[in-house]
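Numbering of ligands and ligand atoms starts at 1, following listing order.
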Amino acid sequence: MEHPALIIVDVQNDFCPGGALAVPEGDQIIPIVRAWAEDFFRQGYPIVTTQDNHPPHHISFGERGGPWPPHCVQGTLGFALHPALQLPPHAVCLKGEDPDQDAYSGFEGLVEGPEGHREPLASFLHRASVDTVYVAGLATDYCVKATVLDALKAGFRTIVLRDAVRGVDVNAGDSARALEEMAGQGAEIR
Ligand code: VGL
Ligand code: ZN
């Protein structure tokens with residue numbers, strides 16, 4: 001039997017319209033992501049959100065020569081999950097906390113456990129006997145792609161939920177190319 005988990009990547013205010021680094025139409029995935037989450041919760045399968053959790057002067061910010069405006073700064077509203085997401089109980093994986101290192105992939109983050117215990121996403125999934133990950137969220141051409149490629153490298157069967165991801169498309173076609181690259185590495189695009 002399949003042991004799936006749902007990974008919801010970075011559906012944070014700063015990546016949605018009105019946010020500091022908005023993904024066009026990023027909020028349009030929200031009802032779809034919610035429906036997947038409800039379905040996983042009903043079946044008792046784990047749900048993990050990843051969240052960019054940058055310190056105020058993170059290396060990826062323009063002030064330090066990085067490509068992005070300040071976004072998802074620790075403790076700000078931009079860091080919070082979009083309020084319409086309304087998820088059932090889920091684990092939270094925080095990433096991008098090292099001021100001097102970027103971290104696009106959820107597999108570079110740590111899952112928050114009870115009593116402040118934190119563990120890498122892969123160990124969390126392995127402990128839950130997960131063998132298949134379903135991936136939704138933002139942005140297709142950055143954090144979704146990096147998370148999917150790392151999931152494949154870690155040996156998980158990996159399914160990308162096509163209607164539940166959106167990309168930045170800094171260059172036209174980036175998201176389409178990202179999906180091709182993920183499929184080329186073995187991801188199923190569904
Ligand atoms: C992301 C750019 C910078 C993402 C995170 O979640 O895709 N993109 N930080
Ligand atoms: Zn970031």
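Listed for the Asp141 side chain is a donor-acceptor partner under 3.5 Å among the backbone atoms of Asp169. Side chain of Asn53 to backbone of Glu97: no donor-acceptor contact under 3.5 angstrom is found. Side-chain atoms of Thr140 come within 3.5 Å of backbone atoms of Gly167 as a donor-acceptor pair (strictly under, hydrogens ignored).
Taking backbone and side chain together, Cys72 holds no N, O or S atom under 2.8 Å from the Zn ion (ligand 2).
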Would you check, one step at a time, whether the test side chain to side chain donor-acceptor pair (under 3.5 Å) holds for Asp52 with His71? CA-CA 8 Å; Asp52 236 11; His71 62 277; 3.1 Å; yes
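Residue His71 has at least one heavy-atom neighbour below 4.0 Å for each of these atoms of ligand 1: 3 (C), 9 (N). The atoms of ligand 1 that sit less than 4.0 Å from any heavy atom of Tyr104 are 2 (C), 3 (C), 9 (N). Those atoms of ligand 1 with a heavy atom of Leu138 less than 4.0 angstrom away are 6 (O), 7 (O). Close contacts of ligand 1 with Cys143, meaning ligand atoms under 4.0 Å from a residue heavy atom, involve 1 (C), 4 (C), 5 (C), 6 (O), 7 (O).
The distance criterion of under 3.5 Å between nitrogen or oxygen atoms is met by Ala139 with respect to ligand 1. Of the N or O atoms in Asp52, one or more lie within a sub-3.5 Å distance of an N or O in ligand 1.
Aromatic ring orientation, His58 versus His54: parallel (interplanar angle below 30°, classes split at 30° and 60°).
Rounding to 10 degrees, one finds that the Zn ion (ligand 2) sits at the corner of an angle of 100° between Asp52 OD2 and His71 NE2.
Looking at Glu112 and Glu119, their side chains never come closer than 4.5 Å, going by heavy atoms from C-beta outward.
Checked against the 6.0 Å centroid threshold, Tyr142 and Trp68 count as a close aromatic pair.
Protein heavy atom at the shortest distance from atom 6 (O) of ligand 1 is Asp10 OD2, 2.5 Å.
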